Amino acid sequence: MEDRLKILAQWLQNVETSDFGYDSYHDGRLENAIAESQVETCNKIGGYIEEILAMDSEQIDNELK
């Protein structure tokens, strides 16, 4: 399971605007802002997953309290 979460974290951190169907040649500024926001959110979630995977048992127990 941990390996699968590592892969998910990597995927989320490598997301690009084109993954959300944004096309810089046809879409406008609002669409770009939305796509950039989606990318940023995915990147953050990927980072959070990596942080959690790097925690030791004591840190995890402390977070769950």
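Not measured: the values here are computed from a predicted model. The analysis underlying the following values was restricted to heavy atoms, covering all of them including side chains, and did not include hydrogens, waters or symmetry mates.
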Only distances under 3.5 Å count here; give the side-chain donor-acceptor pairs of residues 57-65 to other protein atoms, sequence neighbours excluded, each with its distance to 0.1 Å.
unit_1: Gln59; atom_1: OE1; unit_2: Asp56; atom_2: N; d: 2.9
unit_1: Asn62; atom_1: ND2; unit_2: Glu58; atom_2: O; d: 3.4

**OP:** State plainly whether one hydrophobic cluster holds both Ile52 and Leu8, where clusters connect Ile, Leu, Val, Met, Phe, Trp and Tyr through side-chain heavy atoms under 4.5 angstrom apart.
**Re:** no

Original post:
Do you know which two heavy atoms are closest between Ala9 and Gly46, and how far apart they sit?
Top reply: CB-O, 3.5 Å

Sequence neighbours excluded and cut-off under 3.5 Å, please list the side-chain donor-acceptor pairs for residues 27-36, or say none.
unit_1: Asp27; atom_1: OD2; unit_2: Asp23; atom_2: N; d: 2.9
unit_1: Glu31; atom_1: OE1; unit_2: Gly28; atom_2: N; d: 3.0

**OP:** Answer with yes or no whether the hydrophobic clustering places Met55 together with Leu5; edges join I, L, V, M, F, W, Y residues whose side-chain heavy atoms lie under 4.5 Å apart.
**Re:** no

Sequence neighbours left out, cut at 3.5 Å: what donor-acceptor pairs do the side chains of residues 10-18 make with other protein atoms?
unit_1: Asn14; atom_1: ND2; unit_2: Gln10; atom_2: O; d: 2.9

